[in-house]
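Each remark here refers to the structure printed beneath this line.
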2 protein chains.
Amino acid sequence: MSVSLRPSEALALWHDVTLDLVRDGEHDFSSRQITILLTIYLEQPPHTVRGLAAKLKVTKPVITRALDTMGALDLVTRRRDETDLRNVIIQRTVKGALFVERIGDIIVARAKDLPR
Amino acid sequence: MSVSLRPSEALALWHDVTLDLVRDGEHDFSSRQITILLTIYLEQPPHTVRGLAAKLKVTKPVITRALDTMGALDLVTRRRDETDLRNVIIQRTVKGALFVERIGDIIVARAKDLPR
DNA sequence: CCCAACTATAACGCCTCCGTAACAATCGGA
DNA sequence: TCCGATTGTTACGGAGGCGTTATAGTTGGG
């Protein structure tokens, strides 16, 4: 199945959702940070710094810094890979799951209220 | 009309679109900046610093700074309101319109490709 | 004609992020 | 057992955002 959206509807949806996120005022993440968070919570584990950097086409320090920030907010955790100690496995947290869930609820609600 | 989305679809769509935006790598805007840009291009003019600040529930310097940044990128312009010289009218640019249009196209494309 | 109210912006010190480069730890094949 | 390759992180100087506060310009009612 696919979702049918006209450009004006798509942009209105994007606008409404980001507006809600800004108004809530809890965090002001960049596109990079949001993408990293959603990738961790939506795609199949395991997630590594290297893997995320490749997927997003950014450098590894970008990932490290984002994980530092979101780790401090308890939205994400890191664990050493015991089978290869060079790797770091990025893991989900309850708080992060709730945050992502809330984003999903906002999108659904705004899509439902979309005029036209 | 409204758009029917389940939470998992909504999040997948958000993930796919932000991923595209990050991969393109042209800009890395925050939620605030994106919201300001979309508000200017989607809502009825005129737009003022005060009005945007109220709508987004942020302080005026936040808006001024965002306009500085996006103005330097030619995504937005400022003009003095001739009927009340205290006001600044924020205006659209060709480059900004194309940028917003591209975001719309990405959302539509990703919605169409959405599995399930 | 004042002057309080309102506009947007500038200034301040702080913090976070940037890209690049160097780094320590670890792995695995020769 | 080396030693080159690979992992993630840290260090660096620079750029830009933050919230708060101060400021310059403008308005309009008394």
Side-chain angles (χ1 to χ4, degrees), chain A residues 18-19 21-40 45-92 99, chain B residues 18 21-40 45-92:
Chain A
T18 54
L19 181 57
L21 291 175
V22 169
R23 277 174 166 162
D24 280 8
E26 199 173 357
H27 309 297
D28 186 35
F29 292 136
S30 67
S31 297
R32 286 178 172 186
Q33 291 171 316
I34 290 285
T35 305
I36 291 170
L37 195 66
L38 290 180
T39 299
I40 294 168
H47 299 289
T48 64
V49 173
R50 177 188 81 275
L52 290 173
K55 175 173 283 283
L56 273 67
K57 292 188 187 172
V58 297
T59 60
K60 289 190 292 178
V62 166
I63 306 295
T64 295
R65 281 188 291 255
L67 295 180
D68 288 343
T69 302
M70 305 187 146
L73 297 171
D74 198 31
L75 297 176
V76 129
T77 314
R78 276 181 275 201
R79 171 172 68 74
R80 242 59 252 162
D81 180 356
E82 296 178 6
T83 72
D84 184 342
L85 292 178
R86 290 173 302 181
N87 292 334
V88 160
I89 305 296
I90 297 128
Q91 294 186 295
R92 304 164 185 173
F99 181 72
Chain B
T18 54
L21 292 174
V22 169
R23 277 176 168 161
D24 280 6
E26 197 172 1
H27 309 297
D28 186 36
F29 293 135
S30 67
S31 298
R32 287 179 172 184
Q33 291 171 315
I34 290 283
T35 305
I36 291 169
L37 194 68
L38 290 179
T39 300
I40 294 168
H47 300 287
T48 64
V49 173
R50 178 186 86 282
L52 290 173
K55 175 172 284 285
L56 275 68
K57 293 189 187 171
V58 297
T59 61
K60 288 190 291 182
V62 165
I63 305 296
T64 295
R65 281 187 291 254
L67 295 179
D68 288 344
T69 302
M70 304 187 146
L73 298 171
D74 197 32
L75 298 176
V76 130
T77 313
R78 275 181 277 200
R79 171 172 67 75
R80 223 76 232 183
D81 180 356
E82 295 178 6
T83 72
D84 185 342
L85 293 178
R86 290 172 302 180
N87 292 335
V88 160
I89 305 295
I90 297 129
Q91 294 186 293
R92 304 165 185 172

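A quick note: this is a predicted structure, and the numbers were derived from the prediction, not measured.
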For this session: Report yes if at least one side-chain N or O of B/Thr64 is closer than 4.0 Å to OP1 or OP2 of C/dA8; otherwise report no.
Result: no
For this session: State whether B/Arg80 places a side-chain N or O below 4.0 Å from either non-bridging phosphate oxygen (OP1 or OP2) of C/dT7.
Result: no
Output one line per pair: protein atom, nucleotide atom from nucleotides 13-17 of chain C, and distance, for all N/O pairs under 3.5 Å.
residue : atom : partner : partner atom : Å
C/dC17  : OP1  : A/Gln33 : NE2          : 3.1
C/dC17  : OP1  : A/Thr69 : OG1          : 2.7
C/dC17  : OP2  : A/Thr69 : OG1          : 2.9

For this session: Hey, which sits more toward the 5' end of DNA chain C by its nearest nucleotide, B/Thr48 or A/Val62?
Result: B/Thr48
Exercise. When A/Thr18 is tested against each of B/Ile34, B/Ile36, B/Thr39, B/Leu37 for side-chain contact (heavy atoms from CB on, under 4.5 Å), which residue passes?
Worked result: B/Ile34
Rounded interatomic separation in angstrom, taking [atom1] from [X] and [atom2] from [N]:
X       : N      : atom1 : atom2 : result
B/Ile89 : D/dT26 : CD1   : P     : 15 Å
B/Arg78 : C/dT9  : CZ    : P     : 5 Å
B/Leu67 : C/dA10 : CG    : C1'   : 15 Å
B/Arg50 : C/dT7  : CZ    : C1'   : 8 Å
B/Ile90 : C/dA8  : CD1   : P     : 8 Å
B/His27 : C/dG19 : NE2   : P     : 14 Å

Seminar exercise, completed: The reported gap from CD1 in B/Ile40 to NE2 in B/His47 (rounded to nearest 0.5 angstrom) is 6.5 Å
For this session: Mind checking the NE2-CZ spacing from A/His27 to A/Phe99? Nearest 0.5 Å is all I need.
Result: 5.0 Å
Exercise. For B/Arg50, what residues pass the side-chain hydrogen bond (donor to acceptor under 3.5 Å, both in side chains) criterion, not counting sequence neighbours?
Worked result: B/Thr48
Exercise. Step by step, would you call B/Lys57 with B/Val62 a side-chain contact (heavy atoms from CB on, under 4.5 Å)?
Worked result: CA-CA 10 Å; B/Lys57 293 189 187 171; B/Val62 165; over 6 Å; no
Exercise. If the sugar-phosphate is the primed atoms plus P, OP1 and OP2 and the base is the rest, what is the B/S/- string for nucleotides 24-30 of chain C, using protein heavy atoms under 4.0 Å?
Worked result: --BS---
Exercise. Do the side chain of B/Arg80 and the main chain of B/Leu85 share a donor and acceptor less than 3.5 angstrom apart?
Worked result: yes
